[in-house]
Chemist: 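Below is a structure I'd like to ask you about.
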Amino acid sequence: MAGTSTTDAKAAMVTKRLQALQEKREVWESHWQECADYVAPRKADVTKKRTDGDKRTELLFDGTAMHAAELLSASLHGMLTNPATPWFSLGFKDPALNSDDEAREWIEGITETMYGAFNRSNFAEAIHELYHDLVVFGTGVLFIEQDPEGGVRFTTRHIGECYVSEDAYGRIDTVFRKFTMPVRAAAERFGYENLTQSMQKKMERDSYDPVTIVHAVMPRDEGDRDSYKIDGGNKPWASCYVDPEEKALLSESGFDEFPYTVPRWLMSSFEVGYGRSCAMSALPDIKMINKMSEVTIRAAQKQVDPPLMLPDDGFMLPIRTVPGGLNFYRAGTRDRIEPLQIGANNPLGLQMEEQRRQSIRSSFYVDQLILGQGPQMTATEVLQRTEEKMRLLGPVLGRLQAELLQPLIGRVFALLTRQNELAPAPEFMMGMELDIEYVSPLAKAQRAADAQSGAQLFELLAPIAQIDQGILDYVDSDGLAKFMIHALGIPAKMVRGEREVAQLRQERAEQQAQAQQMAEVSQMAEAAGNAAPALRAIDETDVLGSLQAGG
């Protein structure tokens, strides 16, 4: 760390940038709070600050939106990053390396090591929370760091703590996080001697008192670092922890890669930084269904326990409406206690509620996630309908691949490389660029139509080939096999590389040539055996002719 003036200037710079980001985010906060109140009450801490364990569902009279959001987030986890099935594979941008057996074996080992790191970490629970934030708030924030015990660790940050900014290409490259932690944890993290005076006083008074800290991750300007040095102060991304109250720098380091992934659900062309969610699109229906449910419940209460009409004279008060209650009235009085008929139309109210629920489910893609299967549907029809429904999520998949999966895999690859967890590449592959291919169920469903087209080609050509074999000359069998393997996402372990295929074909050709040679030798031997008696007969005729001529 440099001198005091330098650290104070950096702390003041971080605080100033934080204030600017806070001003830009203010317009989103009330919207996020409203979405959380009705869709994710457990995360409804944006503009409202509640104590732990406090009730958060006081505004809810209908849970359709809450259940739909949970279903969509769980489905995204299962379709994009399911830990039970492969969801990405590594390859090479050079097509020649993708056909090389040694290169393929190395890249498969790297991929398996990365899957092991994901499965040993807390990735599954962190990514599920990220999907839920995307569905509700439209913006998710995932922090990826090296685990002190080895491997990687993931943490989903609440959107209420984070302030983001984009670069010139619309990519998030700056995240400021404002959070609280016990002062004893701050002393353990940064060292007691690096705490501000107010923090040290809190530490002496009560070590469990919370303190506010800002963690700023932002790109360093080229003039602020020496690219030939590898220490934390010269890495491409700065990491600064600041006390915003006293504008003091607690710690400064850096990252080799941007440690956050900040995907957005949908983006408006004129809005910068934060995304919009399907919860925002469904918010009018969500608020309406809650109000309608409240009114319907009150109407049902009035029908079950209706208000009573009482005569103004003749009854001894109070009126008892409990079971077995006795009410006394003056003898000779003809007035009676009667229920008030309110004329409620419950079926109409329930029908209108169901219309709003269906609209909410459509906003959260419930119709696409749950397949309505009839008893007359064949397996092929079920598969086709599933592929069509999953293909509708294509726009979401494209943005998540670019803003979530690609930087996520790249960051984990870099962390494992620096930890020497990955096997070194062969010498002939040094400097080669890697490529990422997504093989999740959702990606496979979008490519299934191409694979089906290849299968239909064979079905259409088979009857014609029985009449004219020349029609098959239009089909490149090797190219079709490679295309089907790629479209279906078949693992490399299940198929042979081009080198193995060439070797097998060469061996098969040699075997066929050897078999043909042996057949020719056998035919020659058989021909020679058949010709021997004839030769002997010719010889005997020649000898007999000679004897007769001599006699």
Side-chain angles (χ1 to χ4, degrees), residues 85-115 380 383 387 422-441 443-528:
T85 59
W87 49 277
F88 76 93
S89 64
L90 298 180
F92 302 96
K93 291 187 177 180
D94 186 358
L97 288 177
N98 287 323
S99 304
D100 186 86
D101 293 336
E102 185 179 358
R104 292 296 302 169
E105 290 177 2
W106 177 80
I107 202 67
E108 285 180 10
I110 296 298
T111 305
E112 290 182 359
T113 302
M114 293 185 65
Y115 275 123
T380 304
L383 179 62
E387 293 172 358
L422 304 180
E427 293 184 2
F428 71 94
M429 293 168 47
M430 293 298 181
M432 295 296 179
E433 295 186 6
L434 299 181
D435 194 13
I436 302 172
E437 182 179 0
Y438 305 102
V439 293
S440 64
K444 287 181 180 179
Q446 292 183 315
R447 295 196 301 263
D450 297 333
Q452 189 176 2
S453 299
Q456 288 178 349
L457 176 63
F458 264 109
E459 293 178 2
L460 295 174
L461 294 182
I464 304 176
Q466 295 177 1
I467 302 173
D468 182 6
Q469 289 286 338
I471 192 68
L472 296 179
D473 295 340
Y474 286 95
V475 180
D476 180 3
S477 56
D478 288 353
L480 181 60
K482 294 177 183 178
F483 173 77
M484 297 287 283
I485 291 170
H486 174 75
L488 296 175
I490 304 300
K493 290 183 177 180
M494 300 175 62
V495 296
R496 292 187 174 95
E498 289 191 5
R499 183 183 299 177
E500 292 184 61
V501 172
Q503 184 177 356
L504 287 174
R505 289 177 175 176
Q506 182 179 358
E507 294 176 356
R508 188 182 302 116
E510 292 175 355
Q511 292 175 359
Q512 291 175 353
Q514 185 178 1
Q516 184 177 358
Q517 184 177 3
M518 293 178 64
E520 292 177 355
V521 172
S522 177
Q523 290 177 0
M524 293 176 60
E526 184 179 357

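Counting begins at 1 with the first residue of the sequence.
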Chemist: Quick one: closest heavy-atom pair of T111 and S89, and the distance?
Modeler: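 Where T111 meets S89 most closely, the heavy atoms are CG2-CA, 4.3 Å.
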
Chemist: Could you list the residues that satisfy salt bridge (Lys or Arg N to Asp or Glu O under 4.0 Å) with E507, not counting sequence neighbours?
Modeler: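 Partners of E507 under the salt bridge (Lys or Arg N to Asp or Glu O under 4.0 Å) test: none.
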
Chemist: Roughly how far, to the nearest 0.5 Å, is the CD atom of Q511 from the CZ atom of R508?
Modeler: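 It is 8.5 Å, given to the nearest 0.5 Å.
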
Chemist: Could you tell me whether a side-chain N or O of S522 sits under 3.5 Å from a main-chain N or O of M518, the two making a donor and an acceptor?
Modeler: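 Checking the backbone N and O of M518 against the side chain of S522, no donor-acceptor pair under 3.5 Å is found.
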
Chemist: Any chance you could measure E112, atom CD, to I107, atom CD1, to the nearest 0.5 Å?
Modeler: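 One finds 11.5 Å between CD of E112 and CD1 of I107.
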
Chemist: If I compare all heavy atoms of W106 with all of A423, which pair ends up nearest, and what's the gap?
Modeler: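 That closest heavy-atom pairing would be NE1-O, 2.9 Å.
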
Chemist: Taking atom CD of Q514 as the centre, report whether more than 12 heavy atoms of other residues, nucleotides or ligands fall under 6.0 Å from it.
Modeler: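 No, CD of Q514 has 12 or fewer neighbouring heavy atoms, counting only those of other groups under 6.0 Å.
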
Chemist: Do the non-hydrogen side-chain atoms of L90 and I436 ever get within less than 4.5 Å of each other?
Modeler: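 The answer is yes; the side chains approach within 4.5 Å.
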
Chemist: Test: salt bridge (charged side-chain N to carboxylate O under 4.0 Å, His left out). Region: residues 87-96. Which pairs qualify, not counting sequence neighbours?
Modeler: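 Listed by first then second residue: K93-E433.
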
Chemist: With the side chain counted from C-beta on, respond yes when F92 and L434 share a heavy-atom pair under 4.5 Å apart, and no when they do not.
Modeler: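 Of all side-chain heavy-atom pairs linking L434 with F92, at least one is under 4.5 Å.
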
